[in-house]
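In what follows, a structure is listed as structure tokens, so that the remarks can point back to it.
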Amino acid sequence: MSLATAPSSSADTQIRAVSVELDTVVKEYPGHRALDGVSLDVQSGEFVALLGPSGCGKTTALRAIAGLEGIDGGQIRFDGEDVSRTPTNLRDVGMVFQSYSLFPHLTAQENVEFGLRMRRVPAAERRSRAAEALDMVGLGERGARYAHQLSGGQQQRVALARALVTRPRVLLLDEPLSALDAKVRVQLRDQIRSIQTELGITTLFVTHDQEEALAVADRVAVMRAGNIEQIGTPEELYGQPATAFVADFIGLSNQVPGTVLGGQVELLGTTLALLDPSVPTGPVLASVRPEDVLIGAPGTGSAAIVTGTSFLGSHRRTRVILEDGTELLIQHEAELKTAVGDAVGIRLRGTAVGIRLRGTAVAVRPA
Amino acid sequence: MSHVPPAHAPKAAARTVILVLVGLVFAVPILSMVEFTLRGGLAGGYTLDRWIAVFSGQLDASYRPIWTGLANSALLAVITVLLTLAILVPTLILVQLRFPFLRRAVEFLCLLPISVPAIVLVVGLAPVYSVVARIFGSGVWPLSFAYGITVLPFAYRAIQSNLDAFDAKTLSEAARSLGAGWITVFLRVLLPSLRRGVLAAAIIALAVVLGEYTIASLLNRVNLQTALVLISKNDPFTAVIFALLALIFVGILLFVLGRVGSGTAGSGRTPKPPRAARRPRSAVAAATTPTPSAPLVPGASS
């Protein structure tokens, strides 16, 4: 069933996962620099997500790797081989696009066969490999359909089969899920991850949806204005964001005013030790996750008034305002009910992680 | 198949009236032409003699311009269609994919001829054609250069609207990522997707060329229309018979082209899709009915 364990599994038909290196890649457009010296090492077989707001350069980076955009500086290497000047059709990559990209005049089966036809694979092998690839994405029965007879999710799955059937060196996914509705999106996301794990193919996945990136990727590269702001495992990005931008972009966070004094910071009445004790004494703003703020009875911690609350199934989010006018978003268990106008007490969880907004990023830990 | 007309559609009676009126507008001149060819001249009454003469090959040499004109028009039609498509299709694809900023300029250029009356065009073309004749000879086929210009606006609209209807950029990028070179992208991906537009452009070009009179006449070339006018000066009856035959010929041609162009998408090498999965049958129907966005077959959801 799988491509990796295909019956005709001679050495040249196996997935040949390669490492992908971007070495200070620059891409200029008139008036702005889409990639400003981006460097990125993707290990062979690794699943890396490029995450960032629109216009951050993540799609440009992916298209540069595919060869659909030329680059103005730096190098792109597959397993150490410089492919910066190799045309797309010779780069041997598989790509799935954001917009539906099935050839409308061909059936799903013929679409999947297209890449094999380009590689002059004999007809019989072509058909069996295409059928196998369609089976892999769960569309073995739909080979005779045209694109307009398939749902959006099915079209993207055919596109995935088409990209994988040639056993490319790298799989590039350019927001393949963004046109789908929420339920199909999660299904296909998990399917992509399980196929990728099974095949062991090096994969780059562009998305603006942080939940998507955290859910599927081995590592996530957060991009901003043509640069990679931070790259790390989902846990690292969430728990130890290197910059305020990453802290803000990954998950929700509150901006809490505090005071640094002698290697410690005081936030909402809780004293936390700074990881970098050299931070000068004075007022700071720290980023604090909604789940790291605790809500309690009035009199415990800082006094606050509830200004809004919403039930989200497994948990509840409550918005409060402190006496000094600071607004906070708090995530807590659903059983703890709050109502607008309630007086409550606010504390910080002892393990809270904060980011100083001025100067270098400094994480804090419990004192 | 439920057949519920939209709420704002005219009632059945109104539809019949509209159909009859429109039908009359087309039928009256054609029927009048038929009636005219059957007239017995000064003697009165009706006769089939002229139709018999045409079909039994009894026409003398004075009718030869008709055959010359027909052959010339057919040649001009073919060359014009090929010339227009060969220039326009790659140009529009290039503009769409690589030079989108040129789009307005190309559109303006292509639509310009529609605002220039044929007679004005000829005034400008006459000196040009004295040069053209020196290079290509004074045969009839160089006339297709001029016809290419008159056909341009119609062919442009047909192809451009087809290009706008699908994502040519993504499709060609997908094909390239799968290993296709530019020529393969053009022949195997873009051209098949453009089939309807190309076909519509060809049909319109054909109709325009076969009906063209002004340019051929003023540049002293013989085509079907100028031949018909010439013959009608001696024998208006037979000229009208040929006009009718030309109408039928073009009608059949357009019908055949429409059928050919809307055949199933897959080539003979590939299995045919199930009946329910076939594409709309005619290019015209396909152009006017929106593609169903929902899956056609039950259980086709993801």
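Per chain, numbering begins at 1; letters A, B, ... match sequence-line order. Computed over heavy atoms, backbone and side chain alike; hydrogens, waters and symmetry mates excluded.
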Working for side chain to side chain contact (heavy atoms under 4.5 Å, CB included), residues E173(B) and M95(A): CA-CA 9 Å; E173(B) 285 177 352; M95(A) 185 148 177; over 6 Å; no
I need the residue from T184(B), T170(B), L178(B) with the largest number of non-hydrogen atom pairs under 4.5 Å to chain A.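 If we count pairs closer than 4.5 Å to chain A, L178(B) comes out on top.
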So which part of R91(A) gets closer than 4.5 Å to some heavy atom of chain B, the side chain, the backbone, both or neither? neither
Is R63(A) in contact with chain B via its backbone, its side chain, both, or neither, using a 4.5 Å heavy-atom distance? side chain
From S99(A) OG over to K169(B) NZ, what is the distance, rounded to the nearest 0.5 angstrom?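 Nearest 0.5 Å value for the OG-NZ distance: 9.0 Å.
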Atom pair OH (Y100(A)) and CG (D167(B)), whose distance is rounded to the nearest 0.5 Å: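 It is 12.5 Å, given to the nearest 0.5 Å.
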Side chain to side chain contact (heavy atoms under 4.5 Å, CB included) evaluation trace for F114(A) with V189(B): CA-CA 10 Å; F114(A) 188 90; V189(B) 174; 3.8 Å; yes
Within a 6.0 Å radius of atom [atom1] on [X], are there more than 12 heavy atoms belonging to other residues, nucleotides or ligands?
X       : atom1 : answer
E211(A) : CD    : no
L19(B)  : CG    : yes
F249(B) : CZ    : no

Measure the shortest side-chain to side-chain distance between M118(A) and R188(B) over non-hydrogen atoms and say whether it is less than 4.5 angstrom. yes
Does the side chain of L172(A) come within less than 4.5 Å of S177(B)'s, by heavy atoms? no
Using modelled atom types and a 3.5 Å cut-off, is there a donor and acceptor pairing between side-chain atoms of H105(A) and backbone atoms of L191(B)?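 Not confirmed, H105(A) side chain does not pair with L191(B) backbone.
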Minimum heavy-atom separation for L171(B) to L102(A), with atom names?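 Reported closest heavy-atom pair: CD2-O, 3.5 Å.
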Over all heavy atoms of both residues, which pair between N89(A) and G181(B) is shortest? Give the atoms and the distance, please. ND2-CA, 3.5 Å
Proximity of residues 91-102 of chain B to chain A, residues having a non-hydrogen atom under 4.5 angstrom: none
